[in-house]
Q: 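Dumping the structure here so I can ask a few things about it.
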Amino acid sequence: SKGENFKTQYQFTGLFREDEYTGMRNIIESRLKLFNTTIHALGNLVTTEDVRGETYFLRPSLSISRPIELLEGGSIGYEFNMEDNRFTSAESDSLTAASFRNTTNKFFLEQAKGEQFRWRISYTNRSDDQAPQGTFRRVTNADQYRLTGRISPLPGQNIMLSAEIRELEVTATGAENFQPRRTFLNRIEWNGNILNGALRYGNVYEAGSGQEPRVEFEYREVPPGEGQYTWIDLNGDGIKQINEFFLTPNPEVRTFIRLPIITDEFISVNSVSIDQNLNWDPRNISLGDSRLAAIARKISTISTLRIQRRTEVDDRSIDLNPWKTNTSDTNLVTLNLSTRHTLFFNRGNPVYDLQFSVLHNTAVTEQVTGSETRGNSEYTLRVRWNISRRYTQIAEGRIIENKGSSEAFESNNFNLEGWSGRIEGSFLISTAARIRGWYEFDNRRNTFGLTGEEGRFHRINTELSLRGEENS
């Protein structure tokens, strides 16, 4: 039925297959507006029965909201959600262990329509029930406090923030998979542009807490050239051991890859991360008509930074400083540091462009066998020249340094230094055919220790692409 302030509808569907299967679904939805208050209720019930047993799925929800006259665009409200899933077998009326139920109650206050400032405060309580012995029992109870907001202080700029605290209480004995704990998650994001979009920036800061499994690694054999590692039987026993795998530049013996293995050991961690990007492209701003201004308009840059650190929780105060990158911290679990800066000249020009980039990556991982550190640095110069509409030439040179150290296995330490060059040519035979070829030279040398491994590699490749022409 329908009305100006009230609307309700009901839907029924069923599937019946003689004595083999019976399934029914009932949906009822109602909306009511009364005394400036909006009420929305939804109920969804699904039941099935077959030779294996019966199922019962109930999902009711209710939301009540009312605007606040003294607060422009503000409202206050309540939300209820429940999910009740019951499974019974044909042999017994008791619930199986797959059955579960959760109930959520939320209260909120918000201002969602402000032009420069929007915010929302909410409190949520969630309870979870399980049926390990045939009947439901309360397993956990959680309280969540959350604050979100968005500020637009100037045109083209936005600041978004969120803060959340969650208290988990374990109410049942024998629930080994749950541990009572307090966790938090905070996020601040600031992005925008100035100078008519010539300078764009973005910043994201996150801090939180939770649990993380310790990580081990295993090495799996792959076809030659598809891996990164080689196996050297150091003790001659013919058994592959974790300290006998080494990075190698030789593609003929790169027959193993390293895969992370999640262990059953969990630790409580605090995490903090920051992501930043800065883009400069002056083509949309006026710099004058001088020769120097014409050159300046062709120069653009992209810079990115990411730092992510996780530390094991202890009795000391929580360190939320994202710039702390001390790898000697005894509580460090993982640390990832990545920076990339690229300078473009004549970017997007149909005739030619140049780009120079600098990349640095550092990763520290705490394993069961100790910590492991990997580092990578690259300096790349790339030149593209479209000699004609049909022929394109690309030249690239790169200086590379890869470092690695293992706390438990010093024999896995390495410091690979080298350089590589690549020349590529592409010729458009027709609109349906293109041929491409390239030559690449790679020179690497391990400067760690006294072994002095060195490799030089030459690669020549050709590629022919054909595309069927469409007839109109």
Q: Is there a donor-acceptor contact under 3.5 Å from the side chain of D281 to the main chain of N284?
A: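 Answer holds: no.
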Q: Can you name the closest pair of heavy atoms from A198 and P282 and give their distance?
A: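 That would be CB-CA, 4.1 Å.
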Q: What is the minimum heavy-atom distance between A293 and G288, and which atoms define it?
A: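 Heavy atoms of A293 and G288 come nearest at CB-O, 3.7 Å.
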Q: Set out, in order, the CA-CA distance, both residues' side-chain angles and the distance that settles side-chain hydrogen bond (donor to acceptor under 3.5 Å, both in side chains) for T148 and S162, then state yes or no.
A: CA-CA 4 Å; T148 61; S162 65; over 6 Å; no
Q: Report the C-alpha distance between N361 and S338 in whole Å, list the side-chain angles of each, state the deciding distance to 0.1 Å, and finish with yes or no for side-chain hydrogen bond (donor to acceptor under 3.5 Å, both in side chains).
A: CA-CA 4 Å; N361 287 324; S338 175; 2.7 Å; yes
Q: Do we see a donor-acceptor contact under 3.5 Å between the side chains of Q393 and W385?
A: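 No - no donor-acceptor pair under 3.5 Å links their side chains.
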Q: Please check if the side chain of S209 supplies one atom and the backbone of F184 the other of a donor-acceptor pair under 3.5 Å.
A: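 Yes; judged by distance alone, with no hydrogens or angles, the pair exists.
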Q: May I ask you to test the S303-R340 pair for a side-chain heavy-atom distance under 4.5 Å?
A: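 No. Closest side-chain heavy atoms not under 4.5 Å.
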Q: If only side-chain N and O atoms count, and only distance matters, is there a donor-acceptor pair under 3.5 Å linking S426 with R434?
A: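 There is such a pair between these side chains.
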Q: Keeping D233 on the side-chain end and G236 on the backbone end, is there a donor-acceptor pair under 3.5 Å?
A: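 Looks like yes, one N/O pair under 3.5 Å.
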Q: side-chain contact (heavy atoms from CB on, under 4.5 Å) with Q116: which residues, sequence neighbours excluded?
A: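 Once residues adjacent in sequence are excluded, Q116 has no partner under the side-chain contact (heavy atoms from CB on, under 4.5 Å) criterion.
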Q: May I have the list of side-chain donor-acceptor pairs in residues 54-63 shorter than 3.5 Å, sequence neighbours left out?
A:
{"residue": "T55", "atom": "OG1", "partner": "T48", "partner atom": "OG1", "Å": "2.1"}
{"residue": "R59", "atom": "NH2", "partner": "E83", "partner atom": "OE2", "Å": "3.2"}
{"residue": "R59", "atom": "NH2", "partner": "N85", "partner atom": "OD1", "Å": "3.3"}

Q: Would you list the pairs meeting salt bridge (Lys or Arg N to Asp or Glu O under 4.0 Å) in which at least one residue belongs to residues 197-206, sequence neighbours left out?
A: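 Those involving residues 197-206 are R187-E206.
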Q: Which heavy-atom pair separates S99 from F87 by the least distance, and what is that distance?
A: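 Of all heavy-atom pairs spanning S99 and F87, the closest is OG-N, 2.9 Å.
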Q: Which residues pass the salt bridge (charged side-chain N to carboxylate O under 4.0 Å, His left out) test with R150, sequence neighbours left out?
A: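 Scan of R150 (salt bridge (charged side-chain N to carboxylate O under 4.0 Å, His left out), adjacent residues dropped) gives none.
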Q: In Å, rounded to the nearest 0.5 Å, how long is the span from CD1 of I159 to CD1 of I188?
A: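 Interatomic distance, I159 CD1 to I188 CD1, rounded to 0.5 Å: 9.0 Å.
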Q: Kindly say whether L154 contributes a backbone atom to a donor-acceptor pair with the side chain of S152 at under 3.5 angstrom?
A: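 No, S152 side chain to L154 backbone: no donor-acceptor pair under 3.5 Å.
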Q: For Y379, give me all partners under ring pair (Phe, Tyr, Trp, His ring centres under 6.0 Å), at least two apart in sequence or on another chain.
A: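 Result, ring pair (Phe, Tyr, Trp, His ring centres under 6.0 Å) vs Y379: H360.
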Q: Will you find, in the side chains of T392 and N386, an N or O donor that is under 3.5 Å from an N or O acceptor?
A: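 A pair is found: one side chain offers a donor N or O, the other an acceptor, under 3.5 Å apart.
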Q: I need the Q355 CD to I302 CD1 distance, nearest 0.5 Å.
A: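 Taking CD in Q355 and CD1 in I302, the distance rounds to 9.0 Å.
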Q: For the pair R220 (side chain) and F256 (backbone), establish whether a donor and an acceptor sit closer than 3.5 Å, ignoring hydrogens and angles.
A: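 No, because the side chain of R220 does not come within donor-acceptor range (under 3.5 Å) of the backbone of F256.
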Q: Specify the closest pair of heavy atoms between A142 and R166, including all atoms of both residues, with the distance to one decimal.
A: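 So the minimum-distance heavy-atom pair works out to CB-NH2, 3.6 Å.
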Q: Do I121 and F108 pass the side chain to side chain contact (heavy atoms under 4.5 Å, CB included) test, and can you show the C-alpha distance, the side-chain angles, and the key distance before you say yes or no?
A: CA-CA 6 Å; I121 300 175; F108 66 87; over 6 Å; no
Q: If you look only at distance, which donor and acceptor atoms sit under 3.5 Å apart when one is on a side chain in residues 394-404 and the other is two or more places apart or in another chain?
A:
{"residue": "E396", "atom": "OE2", "partner": "R398", "partner atom": "NH2", "Å": "3.0"}
{"residue": "R398", "atom": "NE", "partner": "T380", "partner atom": "OG1", "Å": "3.3"}

Q: One pair to check against side-chain hydrogen bond (donor to acceptor under 3.5 Å, both in side chains): T311 and N270. What are the steps and the verdict?
A: CA-CA 5 Å; T311 55; N270 293 324; 4.9 Å; no
Q: What residue pairs, at least two apart or across chains, pass ring pair (Phe, Tyr, Trp, His ring centres under 6.0 Å) with a residue in residues 185-208?
A: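 Residue pairs with at least one partner in residues 185-208: W190-Y201.
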Q: Where do R459 and D442 come nearest, in terms of heavy atoms and distance?
A: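 Result for this residue pair: NH1-CB, 3.8 Å.
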Q: Once rounded to the nearest 0.5 Å, what's the spacing between atom OG of S271 and atom CD of Q308?
A: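 It is 7.0 Å, given to the nearest 0.5 Å.
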Q: Just wondering, are more than 12 heavy atoms of other shown residues or ligands nearer than 6.0 Å to CD1 in I423?
A: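 At most 12 heavy atoms, drawn from other residues, nucleotides or ligands, come within 6.0 Å of this atom.
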Q: Do T104 and N81 get their side chains close enough for a donor-acceptor pair, meaning under 3.5 Å?
A: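 Absent: no donor and acceptor within the cut-off.
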Q: Main chain of E29, side chain of T8: is a donor-acceptor contact present, judged purely on distance under 3.5 Å?
A: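 Yes.
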Q: Side chains of N413 and S405: is there a donor and an acceptor less than 3.5 Å apart?
A: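 No, because no side-chain N or O of N413 sits under 3.5 Å from a partner of the opposite role on S405.
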Q: For E463, give me all partners under salt bridge (charged side-chain N to carboxylate O under 4.0 Å, His left out), at least two apart in sequence or on another chain.
A: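 Here the qualifying residues are R436.
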Q: Provide the closest heavy-atom pair for I257 versus G227 in the form atom of the first, atom of the second, distance.
A: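 Between these two residues, the closest heavy atoms are CG2-CA, 3.7 Å.
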Q: Heavy-atom count check: over 12 atoms from other residues, nucleotides or ligands less than 6.0 Å from D289 CG?
A: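 At most 12 heavy atoms, drawn from other residues, nucleotides or ligands, come within 6.0 Å of this atom.
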Q: Could you grab the distance from atom CD1 of I151 to atom CG of N158, nearest 0.5 Å is fine?
A: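 Output value for this atom pair is 10.5 Å.
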Q: Can you list everything that forms a ring pair (Phe, Tyr, Trp, His ring centres under 6.0 Å) with Y219? Sequence neighbours excluded, please.
A: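 Ring pair (Phe, Tyr, Trp, His ring centres under 6.0 Å) list for Y219, sorted by chain: Y229, F245.
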Q: Between R384 and D353, is the closest basic N to carboxylate O distance under 4.0 Å?
A: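 Salt bridge: yes.
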Q: Please name all residues satisfying salt bridge (charged side-chain N to carboxylate O under 4.0 Å, His left out) with R146, sequence neighbours left out, ordered by chain then number.
A: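 Only E164 meet the salt bridge (charged side-chain N to carboxylate O under 4.0 Å, His left out) criterion with R146.
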Q: By salt bridge (charged side-chain N to carboxylate O under 4.0 Å, His left out), which residues pair with E110, not counting sequence neighbours?
A: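 Per chain and number, E110 pairs via salt bridge (charged side-chain N to carboxylate O under 4.0 Å, His left out) with R120.
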Q: Do the side chain of R254 and the main chain of P223 share a donor and acceptor less than 3.5 angstrom apart?
A: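 Not confirmed, R254 side chain does not pair with P223 backbone.
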Q: Taking atom CG of L161 and atom CG of L147, what is their separation to the nearest 0.5 Å?
A: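 Spacing of CG (L161) from CG (L147) equals 6.0 Å.
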Q: Who pairs with Y439 by side-chain contact (heavy atoms from CB on, under 4.5 Å), at least two apart in sequence or on another chain?
A: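 For Y439, the residues satisfying side-chain contact (heavy atoms from CB on, under 4.5 Å) (neighbours in sequence not counted) are F441, H458, I460.
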Q: Side chain of N346, backbone of Y352: donor and acceptor closer than 3.5 Å?
A: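 Indeed, once roles are kept as given, a pair shorter than 3.5 Å links the two residues.
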Q: CZ/R445 to CH2/W419 distance, rounded to the nearest 0.5 angstrom?
A: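 Answer for the CZ-CH2 pair, R445 versus W419, is 15.5 Å.
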